[in-house]
Trainee: 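A single structure is presented below for examination.
Along the sequence shown, residues are numbered consecutively beginning with 1.
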Amino acid sequence: MADLSTLARPYAKAAFDYANENGVVNEWENFLFIASNIVNDKSFSTWLDNPAVSAEHKSAALIDLYDTQVASDDDSAFKQLLGEAQGARPDNNASYPKVSVALSNFVNQLSEQERLALLPEVYAHYRRHKATSLKQLDAYVTSAYPLTDAQRDMLQTRLAASLNASVVIHESVDPSLLAGATIKVGDKIIDDSMRGKLQQLKTQLTA
């Protein structure tokens with residue numbers, strides 16, 4: 001049997017092609033991100049595997065969770081999660097539309113074909129299609145201290161210029177770096193942290 005990634009490819013391509021042609025790339029990406037997190041939940045995954053639950057009920061549950069927890073005026077853990085995934089400075093006042101008819105039909109199709117478990121892989125492939133289309137790269141920045149707005153803007157500008165692409169920065173903090181930061185883009189890692197420099201010095205002295 002084909003692996004999950006292979007099975008997910010045609011669904012992801014169909015989803016991205018439609019979303020791109022209709023100007024709803026971000027809306028579909030937002031839903032796929034949240035749906036992927038829900039599907040990855042152990043209890044929900046077990047529920048999806050229950051043959052007594054209809055395909056219609058399964059897809060309706062996913063859509064209802066998104067509409068009530070994300071596409072609403074109330075704050076929620078899902079909305080906060082989505083905001084954090086969208087970059088360094090999420091907008092706490094951002095509003096998200098409810099699941100469209102086309103997106104609902106897509107989810108229903110996945111459910112009818114017993115493919116809802118593929119959603120995390122569909123999301124991953126969808127993101128790759130988007131990155132290729134927009135020439136967009138993800139930069140994972142780990143710093144000893146939280147970046148200031150000025151540092152973040154400067155870093156994003158320099159990375160975009162050097163990589164000749166739009167850059168989305170994902171931040172995390174690791175005090176053990178002592179100072180500076182590490183930057184990971186694809187399989188390339190730039191270590192400009194104090195810890196990294198000390199390690200390099202140690203290596204040179206013991207060589």
Trainee: Is there a side-chain contact between Ile183 and Leu155 in this structure, where contact means two heavy atoms from C-beta onward sitting under 4.5 Å apart?
Mentor: yes

Trainee: Using only atom types and a distance under 3.5 Å, with no angle test, would you say the side chain of Ser133 pairs donor to acceptor with the backbone of His129?
Mentor: no

Trainee: What's the shortest heavy-atom distance between Leu119 and Ala35, and which atoms?
Mentor: CD1-CB, 3.9 Å

Trainee: Under a 4.5 Å cut-off applied to non-hydrogen side-chain atoms, are Glu171 and Pro146 in contact?
Mentor: no

Trainee: Count I, L, V, M, F, W, Y as connected when their side-chain heavy atoms are under 4.5 Å apart, and connections chain through other members. Are Ile189 and Ile169 then in the same cluster?
Mentor: no

Trainee: Could you check if a side-chain atom of Glu27 sits within less than 4.5 angstrom of a side-chain atom of Phe31, using non-hydrogen atoms only?
Mentor: no

Trainee: Let me confirm one number: the OG-CD distance from Ser104 to Gln109, rounded to the nearest 0.5 Å.
Mentor: 12.0 Å

Trainee: Compare every heavy atom of Leu178 with every heavy atom of Ala144, then report the nearest pair and how far apart it is.
Mentor: CB-C, 3.6 Å

Trainee: What do you reckon, are the aromatic ring centroids of Phe106 and Trp28 less than 6.0 Å apart?
Mentor: yes

Trainee: Give a yes or no on whether a salt bridge exists between Asp74 and Lys79, defined as a side-chain N under 4.0 angstrom from a carboxylate O.
Mentor: no

Trainee: Where do Tyr126 and Val25 come nearest, in terms of heavy atoms and distance?
Mentor: OH-O, 2.8 Å

Trainee: Could you tell me if Lys130 and Asn26 have a donor-acceptor pair between their side chains, going purely by distance under 3.5 Å?
Mentor: yes

Trainee: Can you find a heavy atom in the side chain of Tyr66 that is under 4.5 Å from one in the side chain of Phe78?
Mentor: no

Trainee: Under a 3.5 Å threshold, yes or no: a donor from one side chain and an acceptor from the other, between Ser59 and Asn108?
Mentor: yes

Trainee: Is a donor on one side and an acceptor on the other found under 3.5 Å between the side chain of Asn22 and the backbone of Val24?
Mentor: no

Trainee: Please answer whether the main-chain N or O of Phe33 pairs with a side-chain N or O of Asn37 as donor and acceptor at a distance below 3.5 Å.
Mentor: yes

Trainee: Looking at every non-hydrogen atom in both residues, tell me the closest pair between Leu48 and Lys58 and how far apart they are.
Mentor: O-NZ, 2.5 Å

Trainee: How close do Leu159 and Ala139 get, heavy atom to heavy atom, and via which atoms?
Mentor: CD1-CB, 3.9 Å

Trainee: Do Pro120 and Val39 have side chains that approach each other closer than 4.5 Å (heavy atoms only, starting at C-beta)?
Mentor: yes

Trainee: Within a 6.0 Å radius of atom CD on Gln151, are there more than 12 heavy atoms belonging to other residues, nucleotides or ligands?
Mentor: yes

Trainee: Using a 3.5 Å distance criterion without hydrogens, assess whether the side chain of Tyr123 forms a donor-acceptor pair with backbone atoms of Asn30.
Mentor: no

Trainee: State whether Glu121 and Arg9 are salt-bridged, where the test is any N-O pair (Lys NZ or Arg NE/NH1/NH2 against Asp/Glu carboxylate O) under 4.0 Å.
Mentor: no

Trainee: Give a yes-or-no answer on whether the side chains of Gln113 and Tyr11 include a donor-acceptor pair shorter than 3.5 Å.
Mentor: yes

Trainee: Would you find a donor on one side and an acceptor on the other, under 3.5 Å apart, between the side chain of His125 and the backbone of Ser5?
Mentor: yes

Trainee: Can Leu118 be reached from Val53 by stepping across I, L, V, M, F, W or Y side chains whose heavy atoms are under 4.5 Å apart?
Mentor: yes

Trainee: So Val101 and Asn105, do their side chains get closer than 4.5 Å, heavy atoms only?
Mentor: yes

Trainee: Does Asp138 form a salt bridge (Lys or Arg N to Asp or Glu O under 4.0 Å) with Arg127? I'd like the steps, not just the answer.
Mentor: CA-CA 10 Å; Asp138 291 311; Arg127 286 273 298 166; 2.8 Å; yes

Trainee: Roughly how far apart are Tyr96 OH and Ile34 CD1, rounded to 0.5 Å?
Mentor: 8.5 Å

Trainee: With no hydrogens and no angle check, is any side-chain donor or acceptor of Thr142 less than 3.5 Å from a backbone partner on Ser172?
Mentor: no

Trainee: If Ile, Leu, Val, Met, Phe, Trp and Tyr residues are connected whenever their side-chain heavy atoms lie under 4.5 Å apart, and connections chain through other members, are Leu4 and Phe44 in the same group?
Mentor: yes

Trainee: Tell me whether Trp47 is reachable from Leu110 by hopping between hydrophobic residues (I, L, V, M, F, W, Y) whose side-chain heavy atoms are closer than 4.5 Å.
Mentor: yes

Trainee: Looking at Leu32, is its backbone amide N or carbonyl O close enough to the side chain of Ser36 to form a donor-acceptor pair, meaning the two atoms are under 3.5 Å apart?
Mentor: yes

Trainee: Do Val168 and Tyr140 belong to the same hydrophobic cluster, where Ile, Leu, Val, Met, Phe, Trp and Tyr are linked whenever their side-chain heavy atoms lie under 4.5 Å apart, directly or via other members?
Mentor: no

Trainee: Regarding Ser176 and Asp174, is there a side-chain donor-to-acceptor distance under 3.5 Å anywhere?
Mentor: yes

Trainee: Using atom types as modelled and distance alone, determine if a side-chain donor or acceptor of Thr68 lies under 3.5 Å from a backbone N or O of Asp64.
Mentor: yes

Trainee: Rounded at 0.5 Å granularity, tell me how far CG in Leu116 sits from OG in Ser45.
Mentor: 10.5 Å

Trainee: Determine whether Thr6 and Asp3 make a side-chain contact, defined as any pair of heavy atoms from C-beta on separated by less than 4.5 Å.
Mentor: yes

Trainee: Within a strict 4.5 Å, meaning less than it, do heavy atoms of the Thr182 and Val141 side chains meet?
Mentor: no

Trainee: Looking only at heavy atoms, which two atoms of Ala55 and Ser111 are closest? And how far apart?
Mentor: O-OG, 2.6 Å

Trainee: Should we say atom NZ of Lys98 is surrounded by more than 12 heavy atoms from elsewhere, each under 6.0 Å from it?
Mentor: no

